[in-house]
Structures are given as C-alpha cells and as structure tokens.
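A note on names: the letters A, B, ... follow the listed sequences, proteins ahead of strands, and every chain is numbered from 1. As a basis for the values below, the full set of heavy atoms in this structure was taken, side chains included, without hydrogen atoms, waters or symmetry mates.
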Amino acid sequence: MFLINCPYCGERDQQEFKAGGEAHIERPKQPTELSDDEWAEYLFMRKNIKGVQFERWNHAHGCRKWFNMVRDTSNDEIKAIYKMGEKPPSQ
Amino acid sequence: MRNKYSVFSLIKNALSFHENWQRAWKDPAPKKEYDAVIVGGGGHGLATAYYLAKKHNMNNIAVVEKGWIGGGNTGRNTTIIRSNYLWDASAGLYDHALKIWEGLSQELNYNVMFSQRGVMNLAHNLQDVRDLKRRTHANRLNGIDAVYLSTEEVKKFCPIINTSPDIRYPVLGGTLQRRAGTARHDAVAWGYARGADAMGVDIIQNCEVKGIKRNGDSVEGIETTKGFIKTKKVGVVAAGHSSVIANMAGLRLPLESKPLQALVSEPVKPIIDTVVMSNAVHAYVSQSDKGELVIGAGTDDYVSYTQKGSHQIVEGTLNAILELYPIFSRMRMLRQWGGIVDICPDASPILSKTSIKGLYFNCGWGTGGFKATPGSGDLFAHTIANDEPHKLNAAFNLNRFVSGDLVDEHGAAAVAH
C-alpha cells in the first residue's frame with residue numbers, strides 16, 4: 001500500500017489504481033507473420049524484475065487515465081511517473 | 001545413523017529433559033561438486049531432494065537455501081490440501097500429491113499432522129452453482145471424491161455459516177471433498193529435510209545463488225554466497241523468486257510475483273472443524289490445532305517482492321468472513337503476513353525442462369502450492385533424474401505457452417488473481 005502521484009489528479013491512495021503490468025511491450029506490427037515462439041514472448045513472458053521495473057497503471061477510481069511508472073519492486077518505492085507516449089526516464 | 005522417532009525415544013529424551021535430541025539434519029559446508037543441486041529449501045525443494053535420493057538413488061546432491069529451510073512460503077501458507085481441480089491433467093497432479101499425503105507421516109517417521117477434515121467450496125450465485133456442479137462431475141470422472149451440497153447440507157456440515165437468503169451473497173450450495181484437509185506446514189519441511197539428510201543429501205542454509213554458469217546450452221554450476229558449486233543438473237524451486245533465478249540463466253518465464261496475505265486470530269476453543277473456501281466473496285477459513293482461525297486473503301494486483309500486502313485486501317476478506325460467520329465478529333486478529341507467490345497466466349504450475357540442458361524449473365504454483373508438496377517433489381525428482389517428465393507432469397511443461405495447450409485452473413485455484 002502506497003501513495004501514487006497521478007500525473008492528472010495528484011497524489012492519491014494506491015487503492016484507487018489498477019496495476020496494468022509491464023510497460024513498453026509493443027503490440028506486434030505484423031501479427032500474421034509471428035511465429036508461435038514470438039507470440040508466446042509477446043503474450044506471456046514477463047521480466048518480473050526484483051528491483052527497478054517499468055509498468056503501466058490506470059487511475060481506475062479517478063480520472064481513469066493510463067500512465068507509466070518506474071517502481072522498485074523490492075521495496076515498492078516509486079522512482080518516476082510519466083504519461084503514456086512520453087519517453088521513459090533513463091535510469 | 002538417524003535415530004527413529006517413537007514413543008520410546010520420547011520417554012528416553014524426557015528423562016534427560018529433552019536436552020540430548022539428535023540434530024534433525026546436519027549443517028554441512030558445500031562440496032565442490034554434486035550430481036544435482038536443488039535451489040530453494042522450501043517444502044517442494046526438500047521433497048524433490050528426498051525423492052531424488054529415495055527413488056532415483058541420487059545421494060550426492062544438495063539443497064541450497066538463501067535463508068533457512070521452510071522460512072519462505074512453506075511457513076507462510078494456510079496449509080490447505082485438496083485435489084478438486086477441473087481438468088484431467090490437474091486432477092492427476094494434485095490427487096497424486098493427496099495420495100502421498102495420506103501415508104506421509106509414516107513414510108517420513110515425522111508427524112506432519114495431516115488431518116482429512118474436508119474442504120468445502122461455497123457457491124454464491126447461479127454461475128458458481130453451475131461451475132461447482134461441473135467441477136464435481138469432472139472430479140468424479142477422475143476418481144476424486146467430491147459431492148455437491150445443498151444450502152441445508154452446507155449448514156449441517158458447518159453450522160456456524162450464515163445461510164440466510166438475505167445476506168449480500170447468499171450461500172446457494174457448495175462442494176465437499178472429504179479426503180481434503182490440512183497439515184502442519186513446518187513439519188512438512190522439517191520432515192522432508194530430516195529424511196533427505198538421512199540419505200546423504202547436503203542441506204545448505206544461508207547460501208544464496210548469485211549466478212548460473214553455462215557452457216553453451218548446458219549448465220556447469222552455480223555461483224553462490226558460499227562459493228562456486230559444480231553440477232550438471234540444477235533444479236530451481238524458488239517460488240516467488242523463480243524469475244530472478246531464470247534471469248541469471250538468461251531465460252524468460254511467464255510469471256508475475258505478487259504478495260499474497262494470510263492472517264490468524266487469537267486462539268479459541270474448537271469452533272470450525274473443516275475448511276471452508278469461497279471464491280466469489282474471497283474468504284477462506286480453517287482452525288489450527290492451536291485454536292487460531294487461519295484466514296487467507298487475496299493477492300495484490302501489482303508485482304512486488306516486499307512480503308507485505310495492501311491493507312484493503314485484508315479488509316475485503318474480513319468483511320466477507322464477517323458476513324458468512326457473524327459469530328466471529330468480536331474475534332481479534334493476532335498476526336498478518338505476506339508471501340511472494342509466482343503466478344502463471346493459466347493458474348497452473350510449471351514442472352519442466354528448459355531450453356538449457358540440465359536446468360529444470362518447478363514454479364508457477366501461485367497461490368496454491370502447499371497442497372501439492374509431496375507430488376510436486378516426486379514428479380520433479382523424476383523429471384530431473386530421467387531428463388524427461390513423468391506422465392503426470394508432462395502437461396505442465398514450459399512449452400505450453402508456445403503451443404497454446406494451457407491448463408486453465410483459474411476457477412479451481414480459489415484465490416482471486
């Protein structure tokens with residue numbers, strides 16, 4: 001449980017948000033040409049990092065907008081928050 | 001030579017004020033090389049080592065554990081054992097484990113306090129009723145004992161449940177597996193550790209894996225905080241930290257690690273003599289031999305390795321518990337904790353070879369691995385020893401995420417995730 005600084009609404013309780021999993025997984029541009037291995041990689045395989053991870057969050061009980069977050073999963077410390085489409089901060 | 005536990009050894013040691021009990025397992029320094037190394041000294045890892053030694057004559061093996069044995073999820077779960085899963089593959093896997101549980105205390109000469117007190121799953125809406133009836137039929141076709149109960153039968157089996165039709169989520173029925181129940185989680189780890197140690201397995205605690213050394217496509221050994229250990233076979237049973245180990249070997253897994261919480265109340269006199277689970281409102285409860293209510297909450301929806309969960313998850317579970325069991329309204333909770341569970345997209349485990357020769361993974365048990373401990377160890381030992389899966393764990397391979405042959409057990413997993 002922690003506070004999240006929504007880029008649109010400001011600081012709110014984590015309860016208002018929905019975690020959307022790993023960020024920057026690009027949808028395949030040519031889905032018909034993907035091999036089964038590449039589909040598995042896109043659909044199922046995750047970094048699941050213990051440490052600094054890039055993820056998507058949604059302010060589900062607020063503005064309902066999506067944004068990105070850089071968070072340390074070993075202590076839940078939020079390192080950065082940036083809007084969809086913005087470049088991820090370099091570490 | 002390992003001394004056998006018996007009533008005579010109890011009397012003998014009582015005479016010396018229990019000060020001269022033999023150590024249950026040794027505390028060895030790692031050797032330079034082993035035939036196989038198991039990474040992770042929880043129940044599944046220790047069981048794997050035990051069956052490797054017992055059934056496959058692999059005695060020159062070691063279990064390396066970052067902390068102390070049984071200090072992870074083995075000591076943090078709600079100890080429920082059942083096998084009422086939907087699909088044939090899962091039924092085979094979980095019932096294999098349940099059959100071993102039935103004779104485990106005798107086999108290990110260690111009382112794991114396996115208690116077949118029955119597990120009841122409740123239905124709260126029409127879809128629950130349909131799903132649970134379907135699951136009951138599927139179970140019976142697979143030779144697993146399961147019966148469907150009406151609301152009245154639920155009340156009769158567990159009288160403290162509020163079956164009033166005007167609660168928010170009324171009890172419309174339920175299923176009962178009588179062979180299911182609970183066991184003492186610590187004893188499972190200690191019993192397997194003692195059994196494995198007696199057959200020559202080195203159990204090395206406070207030894208964290210820092211890297212996996214590869215030579216091309218095969219494993220050569222592991223780097224640990226106690227130095228390099230040479231081995232051709234590495235079985236990883238690291239639960240929530242499986243992805244961390246996989247990353248060391250350059251392997252990707254379809255897992256997400258999330259905190260799962262549980263809590264216990266103050267001890268009270270016997271009040272609930274079975275296990276009651278409810279998927280829809282997310283409440284499950286049993287009573288330990290000490291008298292504490294043991295309550296399982298859900299997972300958080302974000303990846304975290306912090307071993308603590310969000311408060312609202314516990315609050316939601318307790319709301320549901322109070323509606324179903326108004327009698328618990330003045331109980332006080334004593335302890336709450338979290339464990340990191342590795343969740344697979346299809347809520348089924350992975351017991352599999354990998355693309356790297358000599359590297360095996362036993363992971364993805366998510367929120368319900370404890371029940372499978374003996375079966376998981378037995379089948380994983382078979383997989384490591386023969387470099388081929390047993391027919392009971394063949395479906396739980398890593399390749400199913402490529403082939404699409406998933407074993408979707410979200411319905412039977414009982415914990416919302």
Side-chain angles (χ1 to χ4, degrees), chain A residues 1-6 12-26 28 31-32 34-62 64 66-81, chain B residues 66 208 238-248 250-259 261 299-316 336 338 340-348 350 354-355 363-364 366 397-406 417:
Chain A
M1 198 168 197
F2 37 85
L3 293 173
I4 295 174
N5 196 5
C6 169
R12 299 292 175 88
D13 194 308
Q14 173 250 318
Q15 237 188 120
E16 295 185 12
F17 298 83
K18 174 95 186 121
E22 194 178 316
H24 308 300
I25 300 176
E26 203 176 331
T32 50
L34 236 51
S35 70
D36 287 352
D37 279 313
E38 287 164 328
W39 269 120
E41 192 67 24
Y42 167 68
L43 283 174
F44 298 124
M45 300 303 164
R46 295 292 176 263
K47 289 181 186 151
N48 195 24
I49 293 167
K50 182 178 187 177
V52 176
Q53 165 155 303
F54 292 74
E55 22 185 62
R56 298 177 304 170
W57 284 74
N58 178 243
H59 195 181
H61 299 286
R64 299 173 64 188
W66 286 88
F67 57 93
N68 291 313
M69 183 191 289
V70 187
R71 190 172 56 95
D72 188 334
T73 60
S74 66
N75 57 14
D76 287 344
E77 191 186 318
I78 298 169
K79 303 281 187 192
I81 284 175
Chain B
K66 172 173 71 169
E208 185 176 352
H241 283 70
S242 298
S243 297
V244 177
I245 307 276
N247 287 342
M248 292 175 188
L251 201 69
R252 298 247 287 165
L253 293 174
L255 298 175
E256 287 194 310
S257 296
K258 298 175 177 180
Q261 293 177 84
T299 59
D300 277 294
D301 69 346
Y302 53 88
V303 170
S304 180
Y305 288 84
T306 55
Q307 289 192 332
K308 58 188 179 193
S310 302
H311 186 70
Q312 75 266 16
I313 303 279
V314 169
E315 196 177 14
Q336 167 275 348
I340 303 306
V341 296
D342 43 334
I343 296 174
C344 253
D346 60 354
S348 283
I350 296 165
T354 64
S355 53
C363 59
N397 60 64
L398 201 45
N399 196 51
R400 73 178 189 267
F401 298 96
V402 176
S403 69
D405 193 8
L406 303 178
H417 44 57

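- For A/Ser35, the side chain to side chain donor-acceptor pair (under 3.5 Å) partners at least two apart in sequence or on another chain are A/Glu38.
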Let's go through B/Leu406 and A/Phe44 carefully: what are the C-alpha distance in whole Å and the side-chain angles of both, what is the deciding distance for side chain to side chain contact (heavy atoms under 4.5 Å, CB included) to 0.1 Å, and is it a yes or a no? CA-CA 11 Å; B/Leu406 303 178; A/Phe44 298 124; 3.9 Å; yes
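- The minimum heavy-atom distance linking B/Glu256 with A/Glu22 is given by the pair OE2-N, 4.5 Å.
- The aromatic rings of B/Tyr302 and A/Phe2 sit perpendicular, their planes meeting at an angle over 60°, well past the 30° parallel limit.
- Among B/Ile340, B/Val244, B/Leu253, B/Asp342, the residue making the largest number of heavy-atom pairs under 4.5 Å with chain A is B/Leu253.
- Between chain A and the options B/Leu255, B/Asp346, B/Asn399, B/Asp300, heavy-atom pairs under 4.5 Å are most frequent for B/Leu255.
- In this structure, B/Tyr305 and A/Asn48 have side chains that are in contact, with non-hydrogen atoms separated by less than 4.5 Å.
- The residue among A/Gln53, A/Lys47, A/Glu55 with the most heavy atom pairs within less than 4.5 Å of chain B is A/Lys47.
- The most heavy-atom pairs under 4.5 Å with chain A, out of B/Gly309, B/Pro345, B/Ser257, come from B/Ser257.
- Going from atom OG1 of B/Thr306 over to atom CD of A/Glu77 covers 12.5 Å, rounded to the nearest 0.5 Å.
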Walk me through whether B/Phe401 and A/Asp36 qualify under side chain to side chain contact (heavy atoms under 4.5 Å, CB included). CA-CA 9 Å; B/Phe401 298 96; A/Asp36 287 352; over 6 Å; no
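- The choice from B/Ser242, B/Gly240, B/Ser243 that makes the most heavy-atom pairs within less than 4.5 Å of chain A is B/Ser243.
- Rounded to the nearest 0.5 angstrom, A/Arg46 CZ and B/Ile343 CD1 are separated by 13.5 Å.
- Distance alone, capped at 3.5 Å, places no donor-acceptor pair between the B/Asp301 side chain and the A/Lys18 backbone.
- Between the side chains of A/Gln15 and B/Ser310, no donor-acceptor pair is found at a separation under 3.5 Å.
- The shortest non-hydrogen separation linking B/Ser304 to A/Asp76 is OG-OD1, 2.9 Å.
- With a threshold of 4.5 angstrom between heavy atoms, B/Asn247 approaches chain A through side-chain atoms but not through N, CA, C or O.
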